[in-house]
*Asks:* 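Got a structure for you, questions after.
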Amino acid sequence: MMEKTFQKNYMTNLVLLSKRQVAFSFIVMLLIAATISTPVVAQPKVIDKVVAVVGDVAISSRELAMTVARVRENLSRQEQQIPPPDVLVANVLEQLIVVKLQLQEAKRLGIAVDEVALDSMLVRIAENNGQTLAEMKAQIEQQQGSYSEMRESVRQELIISQLRQQVVDGIQVSDAEIETSLRELNAKTLFRFSYLSAELPEIETEREKLRLWFQQLRKKMLYENDFSKLAKAASKNASVSYKKSEPRRLKQLPELLQAKVLNMNIGDVTQIIKTADRIYLFSLDDKQAEQQPRMVEQQYHIRHILLRTDAMNSDSYIRKKLLAIKKRIENGESFELLAKRYSQDPGSGFKGGDLGWLPTQGLAKEFAQQVEQATHGQVIGPFATEFGQHLLEVLGERKQDISGDIQRQNIIAQLRREKSAEAINEWLLRLRESQHIDIRL
């Protein structure tokens, strides 16, 4: 049982440890796993001869026989069906040819893995299996395996991973491809939304005035995270209408809304939408998707003022300056205006320090702790993170549906995987055509 777990964890982690790695073929993964968990088995007695030549590298009958035996052993351990002998041998030989081709190409391009990088990967593999490197090595040797062979297998996989990454670098997924996949996935989903609308005046200046009013209203809706409350208040104006829809499928939605709703989470508000005679704001109230679990994230509406220590400004000076700014806020001055004037955060300073709605995951540890402990509306700090010293204010918190974001990310990842697999297959074909391959089996 331990051997199966070790083998499974090793193969999984080797691929997942780096987001930039591309998955290898099933047979190649088995070769590496076999080196770790399969004891040396008695090999058939064969006259060692060349069974294939790949460029300037030969594959011997002994190497092929050993690999076939190990693959067969692994398939048996995993209780998987073992192909007929001729099929198994042909498949293993093909994979050995592919590996040799890639390693030769990597050598031609100067791709290598140094000892430090290799040791680091081996340590991470061991840690992900709950072991030290020494313990993993001892386990392999105890099972009569070869640690040096396992080490070389990992080196080769890392080299091939780097090589393949060069092939897939630059692969892009277009918005049109994403939208097509989203439409297919959401064909049976039921959407329910609310909307605010008004008839556009005939006079252009009045139209622009109404547009600016809707724009300011949308900004307030996003800031306060309450479309319904503000839309109801706005609808007291006789010229403005607020309505809620019944659940509808994607094809039943207004055409102007179909593309937008695919990229929305529950609670999101659209940009202003204009038709020939009306202006709209839509909010997605609910999304009932088949076999798609709801993903909810705790988010906080945060703003801050950041000052950095440098050669001219010590930590104590920065702290005193922030305490002075904090005192001014407590005495009634605008946090927003003071952030615009003093904050050194290039991403939020010009927006009055507003970071928007964020989860604490991914924030600096010290910053996240302050956010989670803060009383809403109270200025916290100064406190330090790796980025500098901060004043912080939490304006609100919410549980936000992020199912749409996750769905979109999954689709992009799937499309990239499919394009990468296609690109690698085409590249391997070209690589085969460029090399002399002589199969003598």
Side-chain angles (χ1 to χ4, degrees), residues 11 14-15 18-35 46-72 74-75 82-114 117-118 149 152-174 177 412-441:
M11 291 193 293
L14 190 56
V15 175
S18 170
K19 292 180 180 179
R20 295 176 60 83
Q21 289 188 9
V22 180
F24 291 102
S25 68
F26 172 71
I27 295 293
V28 175
M29 296 295 281
L30 283 174
L31 297 181
I32 296 172
T35 309
V46 295
I47 299 173
D48 201 10
K49 63 179 182 178
V50 173
V51 295
V53 177
V54 184
D56 58 2
V57 175
I59 298 175
S60 70
S61 56
R62 181 176 180 276
E63 180 181 6
L64 177 60
M66 289 179 64
T67 307
V68 168
R70 286 179 174 174
V71 170
R72 183 183 288 112
N74 269 280
L75 291 173
I82 299 175
D86 57 336
V87 174
L88 180 60
V89 169
N91 285 341
V92 171
L93 179 58
E94 174 60 26
Q95 291 303 323
L96 285 172
I97 289 171
V98 170
V99 169
K100 303 295 185 186
L101 281 170
Q102 292 174 100
L103 291 174
Q104 287 183 80
E105 180 67 5
K107 183 178 179 181
R108 186 184 71 82
L109 296 174
I111 298 173
V113 173
D114 61 33
L118 180 57
E149 285 183 17
E152 186 57 31
S153 294
V154 173
R155 185 197 303 276
Q156 290 182 6
E157 182 160 352
L158 291 175
I159 289 172
I160 293 174
S161 177
Q162 290 183 37
L163 176 65
R164 289 187 170 200
Q165 189 58 48
Q166 292 187 7
V167 177
V168 301
D169 268 347
I171 287 179
Q172 299 293 326
V173 177
S174 70
E177 290 171 319
I412 292 172
Q414 177 63 26
L415 289 171
R416 282 181 177 159
R417 282 194 297 270
E418 292 171 358
K419 285 191 166 188
S420 295
E422 184 178 346
I424 287 172
N425 286 337
E426 291 176 357
W427 167 73
L428 285 173
L429 286 173
R430 293 195 300 271
L431 195 59
R432 285 190 69 117
E433 292 170 357
S434 69
Q435 293 288 341
H436 172 69
I437 300 175
D438 180 13
I439 298 177
R440 303 176 182 178
L441 189 63

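Position 1 is the first residue of the sequence; numbering continues from there.
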*Asks:* Is the shortest side-chain N to carboxylate O distance from Glu422 to Lys419 below 4.0 Å?
*Replies:*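 Salt bridge: no.
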*Asks:* Taking the side chain as everything from C-beta on, heavy atoms only, tell me whether Gln95 gets closer than 4.5 Å to Thr67.
*Replies:*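 Answer no - side chains too far apart.
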*Asks:* Please walk me through it: do Val71 and Asn91 pass side-chain contact (heavy atoms from CB on, under 4.5 Å)?
*Replies:* CA-CA 11 Å; Val71 170; Asn91 285 341; over 6 Å; no
*Asks:* Testing Ile437, Val53, Val57 for side-chain contact (heavy atoms from CB on, under 4.5 Å) with Lys100, which one passes?
*Replies:*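 Only match with Lys100 under side-chain contact (heavy atoms from CB on, under 4.5 Å): Val57.
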*Asks:* Say whether, by atom type as modelled, one donor and one acceptor occur between the side chain of Arg72 and the main chain of Ile82 under 3.5 angstrom.
*Replies:*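 Such a contact is absent between Arg72 side chain and Ile82 backbone.
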*Asks:* Can you name the nearest heavy-atom pair linking Leu109 to Gln166, along with the distance?
*Replies:*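 The pair with the smallest heavy-atom distance is CD1-OE1, 3.8 Å.
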*Asks:* Quick one: does Leu158's side chain get under 4.5 Å of Leu118's, heavy atoms only?
*Replies:*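 Yes; the side chains approach each other to less than 4.5 Å.
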*Asks:* Between atom CD of Glu105 and atom CZ of Arg164, what is the distance when rounded to the nearest 0.5 Å?
*Replies:*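 With rounding to 0.5 Å, CD (Glu105) is 12.5 Å from CZ (Arg164).
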*Asks:* Distance from Ile171 atom CD1 to Ile424 atom CD1, nearest 0.5 Å?
*Replies:*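 Going from the CD1 atom of Ile171 to the CD1 atom of Ile424 covers 7.5 Å.
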*Asks:* Between the side chain of Ser61 and the main-chain N/O of Val51, is any donor-acceptor distance below 3.5 Å?
*Replies:*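 No; judged by distance alone, with no hydrogens or angles, the pair does not exist.
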*Asks:* Given the rule in the side-chain hydrogen bond (donor to acceptor under 3.5 Å, both in side chains) test, do Ser174 and Glu177 qualify, once you have shown the distances and angles that lead to the verdict?
*Replies:* CA-CA 5 Å; Ser174 70; Glu177 290 171 319; 3.2 Å; yes
*Asks:* Check whether any side-chain heavy atom of Pro83 sits under 4.5 Å from a side-chain heavy atom of Leu75, and report yes or no.
*Replies:*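 Yes. Closest side-chain heavy atoms under 4.5 Å.
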*Asks:* Work out which heavy atom in Leu93 is nearest to a heavy atom in Ala52; give both atom names and the distance.
*Replies:*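 Closest approach of Leu93 to Ala52: CD1-CB, 4.1 Å.
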*Asks:* If I take atom CD1 from residue Ile159 and atom CZ from residue Arg155, how far apart are they, to the nearest 0.5 angstrom?
*Replies:*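 Rounded to the nearest 0.5 Å, the CD1-CZ separation comes to 6.5 Å.
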*Asks:* Atom NZ of Lys107 and atom CG of Asp56: how far apart are they, to the nearest 0.5 Å?
*Replies:*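 These two atoms lie 7.0 Å from each other.
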*Asks:* Quick check: does any side chain N or O of Gln102 sit under 3.5 Å from a backbone N or O of Val98, one acting as donor and the other as acceptor?
*Replies:*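 Checked: pair present.
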*Asks:* Would you say the side-chain atoms of Gln104 pair up with the backbone N or O of Val54, donor to acceptor, closer than 3.5 Å?
*Replies:*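 At least one qualifying donor-acceptor pair exists.
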*Asks:* Please report the C-alpha distance between Leu428 and Leu101 in whole Å, then the side-chain angles of each, then the deciding distance to 0.1 Å, and finally whether the side-chain contact (heavy atoms from CB on, under 4.5 Å) criterion is met.
*Replies:* CA-CA 8 Å; Leu428 285 173; Leu101 281 170; 5.8 Å; no
*Asks:* So which heavy atom on Leu163 is nearest to which on Ala106, and how close?
*Replies:*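 Reported closest heavy-atom pair: CD2-N, 4.1 Å.
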*Asks:* Quick test of your reading of the model: are Glu433 and Arg430 salt-bridged, counting only N-O distances below 4.0 Å?
*Replies:*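 Result for this pair is no, no salt bridge flagged.
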*Asks:* Quick one, Arg417 and Val168 - any side-chain contact, counting heavy atoms below 4.5 Å?
*Replies:*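 No, their side chains stay 4.5 Å or more apart.
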*Asks:* Compare all side-chain heavy atoms of Val113 with those of Gln162 and state whether any distance is below 4.5 angstrom.
*Replies:*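 The answer is yes, as the side chains (C-beta and beyond) meet within the 4.5 Å cut-off.
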*Asks:* Quick one: pull up CD in Gln172 and CZ in Arg416 and give me the separation to the nearest 0.5 Å.
*Replies:*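 Spacing of CD (Gln172) from CZ (Arg416) equals 6.5 Å.
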